[in-house]
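Heavy-atom basis, side chains included; hydrogens, waters and symmetry copies ignored. The sequence lines fix the lettering, A, B, ..., with proteins before strands; numbering per chain opens at 1.
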There are 2 protein chains.
Amino acid sequence: MPAITPSRAESFSIGELSKHVGVNIETIRYYERIKMLPAPGRSANGRRVYGPAEARILAFIRRSRDLGFTLEEIRALLALGGPERASCADVHKIASAHLTNVRSKLSDLVKLEAILAETVARCSDGAAPDCPVLDILDAGRRG
Amino acid sequence: MPAITPSRAESFSIGELSKHVGVNIETIRYYERIKMLPAPGRSANGRRVYGPAEARILAFIRRSRDLGFTLEEIRALLALGGPERASCADVHKIASAHLTNVRSKLSDLVKLEAILAETVARCSDGAAPDCPVLDILDAGRRG
DNA sequence: CATGCATCCTGTAGTCCCTACAGGATCAAG
DNA sequence: CTTGATCCTGTAGGGACTACAGGATGCATG
């Protein structure tokens, strides 16, 4: 089990949270400013004090961002899990719209992987006198 | 063969180029401003006149952007295909670095697709009272 | 106790890659 | 000759950060 340099019981400073979740300190403050993240409690000296709930939300945001959701989409997703608990149908709508997106990105990336791999292979060590760089262009033409 | 509403022989206006390649007019001018695209010739009245060469470059940029290269990377790739024709090794370096990137994104997306598909299925029609939204979070934990 | 360095604070400005708009000029059609 | 589409330049806005200025604290050490 990973020892998590704990402050007290279950509270972190912004710096700890940042390291813990892998999100830049500036970005955490930015999320707070734009209300992606609830404003945390403050210690006597005015420093932000986070608990596991905030960490969980931030991790969710982080992961969702990595996966290509916009902050607006994430906001919507978070709201669905929140106090109002909107209908599952809404989640379904957001998620399936995004799924379509993801699937098309996925197929693009698969193609790209092939093209890149081929390019890399062909150019392998500077042997070829003129590189097939611009071929990437033509490779993508729908025939 | 697709008829390409041709102006004269092989020259397009910015609007034609835009439609042809699928890049916003504003974006084309932006690319010119930041020197991604060479400044094209101008007609007597001061309008941009593009030929197939520019179209080719723009298509290359468009495709590369779609595929996730940054403009800086594309600039580098273009330079390699240009008059100086640097070594293929350079292309190899850029492309393979990007390939690594692409592969990791790809695996994330594959995971996401599964999670989303499952979420969509579980939430199927608003039946379930509490949605597994935040489960997306935990599903992504490296175990 | 003083010094130093890390961490925190607020606030503003910069980055990347566009996108939109204002305020005109010009063209082709009716 | 008027209308509407297209073009021009230039500037400002937007999303999602990221960096920096200018301070205030906290913590360890001599």
Nearest whole Å is fine: how far is [N] [atom2] from [X] [atom1]?
{"X": "A:R29", "N": "D:dC20", "atom1": "CZ", "atom2": "P", "answer": "14 Å"}
{"X": "A:I61", "N": "D:dG15", "atom1": "CD1", "atom2": "C1'", "answer": "15 Å"}
{"X": "B:L58", "N": "C:dC18", "atom1": "CG", "atom2": "C1'", "answer": "14 Å"}
{"X": "A:I28", "N": "C:dC9", "atom1": "CD1", "atom2": "C1'", "answer": "14 Å"}
{"X": "B:F12", "N": "D:dC7", "atom1": "CZ", "atom2": "P", "answer": "13 Å"}
{"X": "A:E16", "N": "D:dC27", "atom1": "CD", "atom2": "P", "answer": "11 Å"}
{"X": "B:I14", "N": "C:dC27", "atom1": "CD1", "atom2": "P", "answer": "16 Å"}

Atom [atom1] in [X], atom [atom2] in [Y]: separation rounded to 0.5 Å?
{"X": "A:N24", "Y": "A:I14", "atom1": "CG", "atom2": "CD1", "result": "9.5 Å"}
{"X": "B:I25", "Y": "B:E16", "atom1": "CD1", "atom2": "CD", "result": "10.0 Å"}
{"X": "B:E26", "Y": "B:S18", "atom1": "CD", "atom2": "OG", "result": "9.5 Å"}
{"X": "A:R63", "Y": "A:L58", "atom1": "CZ", "atom2": "CG", "result": "14.0 Å"}

OP1 or OP2 of C:dT7 under 4.0 Å from side-chain N/O of A:S13: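 The answer is no; no side-chain N or O of A:S13 sits under 4.0 Å from OP1 or OP2.
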Phosphate OP1/OP2 of C:dC17 contacted by B:T27 side-chain N/O (<4.0 Å):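 Answer is no, no contact under 4.0 Å.
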Please list, for nucleotides 1-3 of chain C, all pairs of protein and nucleotide N/O atoms separated by less than 3.5 Å.
none

Just jot down the side chain to side chain contact (heavy atoms under 4.5 Å, CB included) partners of [X], sequence neighbours excluded, or say none.
{"X": "A:R47", "answer": "A:S43, A:N45"}
{"X": "B:R42", "answer": "B:E32, B:R48"}
{"X": "B:P38", "answer": "B:E54, B:I57"}
{"X": "B:I34", "answer": "B:Y30, B:Y31, B:M36, B:L71, B:R75"}

Under 3.5 Å donor-acceptor pair, A:E26 side-chain atoms to D:dC20 base atoms: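 Such a pair exists between side chain and base.
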Near-strand residues of residues 31-54 of chain B, defined as heavy-atom separation under 4.0 angstrom from DNA chain C: B:Y31, B:N45, B:R47
Out of C:dT19, C:dC8, D:dC17, whichever nucleotide has its closest atom nearest the side chain of A:Y30: D:dC17
From D:dA19, C:dC17, C:dC9, nucleotide with atom closest to A:N24 side chain: D:dA19
Partners passing side chain to side chain donor-acceptor pair (under 3.5 Å) against B:R65 (at least two apart in sequence or in another chain):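 Per chain and number, B:R65 pairs via side chain to side chain donor-acceptor pair (under 3.5 Å) with no residue.
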Sugar-phosphate, base or nothing in reach of B:R65, heavy atoms under 4.0 Å: sugar-phosphate
